[in-house]
Every structure is written in C-alpha cells, then in structure tokens.
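Input: a single structure, listed below in structure tokens.
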Amino acid sequence: MTLIAERPGVVGHPDEPEHEHGPTGIMKWITSTDHKVIGKSYLITSLVFFCMAGIMAIMMRTQLVSPDNTIVSQHTYNELFTMHGSLMLYLFAGPFAFGGVANYLVPLQVGAPDMAFPRLNALSYWLYLGGGVTMIAGFLTVGGAADFGWVAYAPLSDAVNSPGAGPDMWIVALLLTGFSAIFTGVNIVTTVFYLRAPGMTMFRVPIFTWNMVVTGILILLAFPVLTAALVMLWADRHLGTHIYSVAGGGVPVLWQNLFWFFGHPEVYILALPYFGMVTEVLPVFSRKPVFGYRGMVFATIAIGALSTSVWAHHMFTTGVVLLPFFSLMSYLIAVPTGIKFFNWIGTMWRGSLKFDTPMLFAVGFLIVFLFGGVTGIFLASPPIDFATHDTYFVVAHFHEVLFGSAVFGGFSGLYYWYPKMFGRMLRESLGKASFWFMFVGFWVTFMPQYLLGLHGMPRRIAEYSASTGWTTLNRVSTAGSYLLFIAVAIMVVNAYVSWRRPIQAPANPWDGHTLEWATSSPPPHHNFYRLPPIRSERPLWDFNHPEHTVRKYEEQRHGAVPAVAPAGAAPAGVAAGPSDGGDAR
Amino acid sequence: MKTESYLLLLFAAFGAVICAVYWFTSYEDAGTVMLAAFGLLGLLPGGYYFWWSRRMTPRPEDDPEATHAQAAGVVGAFPSTSIWPFVLGLAALLVALPLVFGFWTAILGFTLAISAVIGVIVESRRGGVL
Ligand code: HEM
Ligand SMILES: [Cu+2]
C-alpha cells in the first residue's frame, strides 16, 4: 500500500508505536519497500557472503600452511581465490556499505521518510540476491566456478582458457549486481539531493552521507563501464567476436583498461563509505564535533575525482601505459587521504575519548588503513611495482586497505548502528574480545605476507617447495588467519546472544550527533515523529547539549548570528526531547 | 540546489581538464573516451541542476534558517509494500540466465517482466494496494 508521508512536525504526534499493518514474516521480506527492511536484508545477505568468502580464505591459508601441500588441488585453489576475491569485493564490501548501511542510514541522517525510489530500491536488492546466488552456484557446475581471478584478465577469461558454465555465471552475476549497484547509486544521490529536512543544507549533511553521495556518483561512473566490458567479454566467448583477442585483431590490454577504469573507482566505492562510518564514530566517541568538516567534504570530493584517473597503476608492468602520468596521479590521491587522516586525528585530539567497541574498531581502522595506504604509495612508484607486482607484497597491501576499511571500518559502523537497526545492544565484552582477536590476528596474518612478497613469493600459487624458505612465514600467516576466524565467530556469537537475550536499546545509546539518533530504535515507519531543529552538522547534539550550542559554533564560522534563538529551536513540546541520555548501557 | 549542481559541475570540470591532459600526454584512446564520458556525467545533470536552481523557488532544505513548520505537509507518496520489484528482479535473473544456459528461461522472464511493469503502473495509478 502507499502511504503519504508527511513532514514530521517539530511538535509531533505522541510517541506511540504505529500499529503494524501490512504483511509479516516472509511476505514482509519479499514485498517491503521500506528502506530499513531492505537495508537489513542487504546487511545480512552481505554478511553471509562475507562468511562464505572467509571460509574460502581459511581453506586457502590451510593449503599454504606447508610446502607441497595437497589439501586442495591447483584447480580448486584457483576457484577459491577467484571466488574469495569476487565475493568479498562485489558481494560483501560494496553491498554491505551502499546497500546495507547507507540504505538504512542515509534517509535517517538527512531526515527523510524513505529512499527517493522505494520500489527501485527493492529491485536493487533482488538483483543483488539473484546475482550473488548465481555467482556462488558456479561451484555446482561441472567445470567448477570461475577461476580467472577477480579481475578476469583476457585472454585467460576467453572460451578456450576458461571454458564452461562457471565463468559465464560469474559474468551474469556481475551484470545483475552491477545494475543493482547503479540503481542504489541513483537512489542515494537523489535522496540526498531532494529529500533533506528543512535547514539541512548540503554543508550540514553528515560526513557519512556526503561520502555516500560521492560514492553514488562514482558508482554511476564505474559500473556501466564494467557492464559494457562484460558484455563484450561474453560476446568474445560465445559470439566469436575478437575484441580482446590478438588472434582476431583485438587488444587484450583493452580489457585491462576497461576493467581498471571500473576497478580503481570501485576500490574507492569500497573505501569512501567506510571512511564515512569512522567519521561518524570518531567524533561521537571523542565528544567533539568532527574536526575540519569542510576539509573532510572537499577531501572526499577530491578523492572521488582523482580516483578516475589512476586506473593504470594496476597495469604498470604491461609496458603500454604512461607511467609518469599514472604514478603522479596516484601520489596525488594520497594528499586528500592524508587530509582525512589529519582531520581524524584532529577530531580525537583532546577529546574525552570513550573506547567502546565501535571506537576500538574505528581506531583499528586508522592504524591498519594507514599501513595499507603507505605501502600503496610504495606501489605507485613504477620501479618498486616492477619488483613487487603480483607478489604477496601486493596481497598484503590490498588486504590492509580492504580489510582495514571493509572489516575494521565496517564492524565499527555495525557496532555503532546495530542498536539503531535492531533495537537491541550488542555485548561490549564480546565486542572487545572480537576486536582484539581481529586486531592481533590481522597483523599476524598479513605482516608476514609483505616479507613473503619481498622474498619473491608470487600471488595466486597453490604450492611452493620447501627450498624456497617461505615455510615459516606462511605458517605464521595461516595461524593469524585462524585468529581472524575466531574474531568473526565471536561476532556471530554476539549477534546470537543479542537475539536470544535482548537488551533493549534506547533511542540514543551513544549520545550521538546526527538525526538517526533522534528517533526510536528501531525507527518507526517513515522514520520520524519529530525532528530537532537543524542548525549545524550535529543537530541532535545541539539539542541535547544546549550549553555549548550551535550558535557558538556558527559564530566561529560565519561571524555573528541573530541574538534570538532561531525560530523553532526547542519549543516546549519537544522539551522532553529525543534524547535518552548516554548511559543506558 | 546550487551546491548540488556545483558538486556535479566540479566533477565535470575535473573530467574535462584531466581528459585533455591525458590525451595530450598519452594519445591513448580508450582512457580518453572514458575520461570524456566522466566529464559528461558531471556536466549533463550538473548543468541541468544549475539551470534549474536559478529558476526554482528556494527550498527550505537549502535555507540554513528554515524551520520544520516551513515545510510542513506532504513530502510525497512512498509505497510501503509492493510485490513487483521481486517479480521484476526474478524476471531479470531469468532473462540473464540464457547467457549461460538455454533460451527457455528468457520466455518466462520476459513474461514476468511485462507483468511486473503493468503491475507497477496499475499500482501507482491506484495509489497502490498490493
Ligand atoms: C578473513 C580474512 C582474510 C584472509 C585470511 C584472506 C586470505 C586471502 C588469500 C589466502 C588470498 C589468495 C592469495 C593468493 O593466492 O594470491 C586472498 C585473495 C584476495 N582477497 Fe582475501 N582474505 C581475507 C579477507 C579479505 C577481505 C575482507 C577482502 C576484501 C574486502 C579480501 C579480498 C581479496 C581479494 C580481492 C583477493 C584477490 C583474489 C584474486 O587474486 O583474484 N580478502 N585473500
Ligand atoms: Cu587502483
């Protein structure tokens, strides 16, 4: 049914829960167009894919624990790293961020009743689910799943070198999930442009939502290129075109150009949302506004723009790209990223820090991502890349950035917003245990891989001989991956405990700054009964802490403000306000 | 609406500049075309928003001093349940699967897709009950 959404008034309806109407159970899941239901579906589905991909990772690490191991065959190993990479990137890291967390939070953060196109939003989810299942189902075909790496380089991905249905299912899966991503991108950008609450100017939109706008634009830029490239790949495989094959006069490197023109913006599509999540967490747990709000916004925009012109740093060793251009542009992108780091540290500087689980994961993100970023700068130098390309050095580098953002950043966001989404708290003790296992496990897994790379171990190999001397480091790395497994298992236990023995979450458990904490946990249908006045980028904080108000803050920025309180600020009806205090934990 | 248009136009400007630089340093066509397309991606919607932002009545969400009362009333119609996205998603899957297997699923897929389109239109007209 269609509901006409009204703007929530300042003095709203009484806070009585809306009576549930409409379908329940599985029909609710199938027919709902509510961004909160879809967001949760996305969240859970993507976490399931994350666990599957994690199990594949454990299998690979177990295979590599000793020389000449034969737990899995070479062929299976190829399938495993391909599907691990594909699941992690296409089905977990992206959809978790823009389909799950952003879908749930962007409307809440801008004070909107729903996404701009609710039915399109639901369609996105079904395309994603269909695509994801298709990709996994590749394992059930005779020839097995796709086994050409997550990048599917030509000519390895052509019909001769990768025959069978598995690779085709991989292509179909990416076509479907690609469209789902595009639709979500459209939805997010439109929601932020058109459905903001009064007073929520673009420069008051929370940084997470800002990052999602830029991510949305990058999705619109990148995914159509991938879709086109995949259609041509399919045509090469089945229709006898020779777009990517030398034999018929095509250009194999064209695939790499197209793929990485998608692929590099894609890694920022995977990073920016998580940057946004920690930028929400850090100020709340430092009890300060974010340091350099505008700097953060412009850094995000700069990263988005620059990310379009660095793609061939993945292709230095092909010998047909303009090394100085791509090297220079890759260095340049470190500048806005550095600004972000500066601002994150500035946000924490002299704050009264509270190390709850979300904050721990956010700080973990800062440290891990910093290392990944620094080795990224190494790799942007062609001479270094020539020596380390396709070695474990690269594997360690991209796990530091990807794991750092998608897992440390993502879990930070998950712990932070879980109470809002599910209306119950996660256990702090389990959360902290999970963090420490993950943090230690992470370094134990991936630091040895840098050394392995420098000792010349190539990536994507299933076996190595004892004479190479790589055994010890591989052992350590595998041990670390088991610690990571335990960390994720503790997370699952935590979710299970919160499900079986719920502790009710208050509306605003962390003393948050942004609008999503102004409504109940979980929010009612169409999100808000009432909104605090929006006079800065942290309206709820201003409302709950009038002692250091907005005005002080705006004065610093724009000079004097009118002496009277802005109309609508804290009228009597709201005095009982959306705050639930900070200590309900 | 101005900030939104500036954002997109900023991307357009960057795309144009970097496209020119790239072409004159590398003479590589695939990348140049894609960078030009990036410029257009910013220019078309950004230009339209810019044009529109100068004609429209100012919106409360762009006014730093706006109150909630100023925008009271209906935001829009938001369907809260609909079966058709599911049907359309299934249809898309069935239409795409022939790229791997035989052609027969496409027939079912197109049928479902057409019924979903009709369903959505009817639903919207009626104010959409399931
Ligand atoms: C749970 C912890 C993880 C472990 C133990 C792990 C382990 C591995 C291993 C052993 C490989 C294969 C290396 C090779 O043989 O070349 C690999 C590849 C890869 N992993 Fe992970 N990984 C983990 C998490 C992640 C995450 C969170 C992401 C991304 C969000 C990710 C993305 C990738 C990608 C893109 C590849 C490359 C696949 C390819 O070569 O085509 N991994 N990982
Ligand atoms: Cu890159």
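For the numbers below, each heavy atom of this structure counts, side chains included, while hydrogens, waters and symmetry mates do not. To find a chain, count down the sequence lines: A is the first, B the second, and so on, and within it residues start at 1. As the structure is a prediction and not an experimental result, all values here were calculated from the model.
- Two residues are said to be in side-chain contact when any heavy atoms from C-beta on lie closer than 4.5 Å; B:L41 and A:L220 meet this criterion.
- Heavy atoms of other residues, nucleotides or ligands lying less than 6.0 angstrom from CD1 of A:I26 number 12 at most.
- A:M115 touches chain B through its backbone: at least one of N, CA, C or O sits under 4.5 Å from a heavy atom, while the side chain does not.
- When A:G130, A:A122, A:A305, A:P118 are compared by the number of non-hydrogen pairs under 4.5 Å with chain B, A:A305 comes out ahead.
- In this structure, the portions of B:V120 lying under 4.5 Å from any heavy atom of chain A include both its backbone and its side chain.
- We find the CG-CG distance between B:L40 and A:L221 to be 11.5 Å, quoted to the nearest 0.5 Å.
- Heavy atoms of A:F326 lying under 4.5 Å from chain B belong exclusively to its side chain.
- Your options are B:D63, B:I18, B:L99, B:L10, and the one with the most heavy-atom pairs under 4.5 Å with chain A is B:L99.
- Counting heavy atoms from C-beta outward, A:T134 and B:L97 have side chains that approach closer than 4.5 Å.
- The CG atom of A:D168 sits 8.5 Å away from atom CZ of B:F101, with the distance rounded to the nearest 0.5 Å.
- With rounding to the nearest 0.5 Å, the separation of OG1 in A:T33 from CD1 in B:I83 is 11.5 Å.
- From A:L218, atom CG reaches atom CZ of B:F11 across 6.0 Å, with rounding to the nearest 0.5 Å.
- Using a 30° and 60° split on the angle between ring planes, A:F325 and B:Y22 fall in the tilted class, from 30° to 60°.
- Of the two parts of B:D62, the backbone and the side chain both hold a non-hydrogen atom closer than 4.5 Å to a non-hydrogen atom of chain A.
- Two residues are said to be in side-chain contact when any heavy atoms from C-beta on lie closer than 4.5 Å; A:K28 and B:T81 fail this criterion.
- Proximity to chain B involves both the backbone and the side chain of A:L306, based on heavy atoms less than 4.5 angstrom apart.
- At least one side-chain heavy atom of B:F14 sits less than 4.5 Å from a side-chain heavy atom of A:T308.
- From B:H68, atom NE2 reaches atom CD1 of A:I534 across 4.5 Å, with rounding to the nearest 0.5 Å.
- Distance CG/B:L35 to CH2/A:W311: 4.5 Å, rounded to 0.5 Å.
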Intermediate values then yes/no, side-chain contact (heavy atoms from CB on, under 4.5 Å), B:E28 and A:N257: CA-CA 10 Å; B:E28 190 264 315; A:N257 264 314; 3.6 Å; yes
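- Between A:W210 and B:L7 the shortest side-chain heavy-atom distance falls below 4.5 Å.
- Counting heavy atoms from C-beta outward, A:F261 and B:V33 have side chains that stay 4.5 Å or more apart.
- Side chain of A:R204 to main chain of B:P64: a donor-acceptor pair is present (N/O by atom type, distance under 3.5 Å, no hydrogens or angles).
- If you tally non-hydrogen atom pairs under 4.5 Å between each of B:K2, B:R59, B:Q70 and chain A, the highest count goes to B:R59.
- Counting only heavy atoms from C-beta outward, the side chains of B:M34 and A:L258 approach each other to under 4.5 Å.
- For a residue to count as touching a neighbouring chain, one of its non-hydrogen atoms must lie under 4.5 Å from one of that chain's; by this rule A:V213 touches chain B with the side chain only.
- When heavy atoms are compared at a cutoff of 4.5 Å, A:L123 approaches chain B by way of both its backbone and its side chain.
- For a residue to count as touching a neighbouring chain, one of its non-hydrogen atoms must lie under 4.5 Å from one of that chain's; by this rule A:V214 touches chain B with the side chain only.
- Of the options A:Y125, A:W126, A:W29, a ring pair (Phe, Tyr, Trp, His ring centres under 6.0 Å) to B:F86 is made by A:W126 and by none of the others.
- Contact annotation for B:A96: both backbone and side-chain heavy atoms come within less than 4.5 Å of a heavy atom of chain A.
- The part of A:L254 that comes within reach of chain B is its side chain, from C-beta onward, which places non-hydrogen atoms under 4.5 angstrom from that chain.
- Counting heavy-atom pairs closer than 4.5 Å to chain B, the top residue among A:R237, A:H35, A:M169, A:H238 is A:M169.
- Under a cut-off of 6.0 angstrom, the local environment of CZ in B:R55 is crowded, with over 12 non-hydrogen atoms contributed by other residues, nucleotides or ligands.
- Between chain A and the residues B:A92, B:P85, B:S26, B:G89, the largest count of heavy-atom pairs under 4.5 Å involves B:P85.
- When the candidates A:D34, A:V225, A:L176 are compared by the number of heavy-atom contacts under 4.5 Å with chain B, A:L176 comes out ahead.
- Interface remark: B:E4 contributes backbone and side-chain atoms alike to the contact with chain A (heavy atom separation under 4.5 Å).
- Here the side chains of B:T3 and A:T201 are not in contact, with every heavy-atom distance at 4.5 Å or above.
- In this structure, chain A has no heavy atom under 4.5 Å from any part of B:L90.
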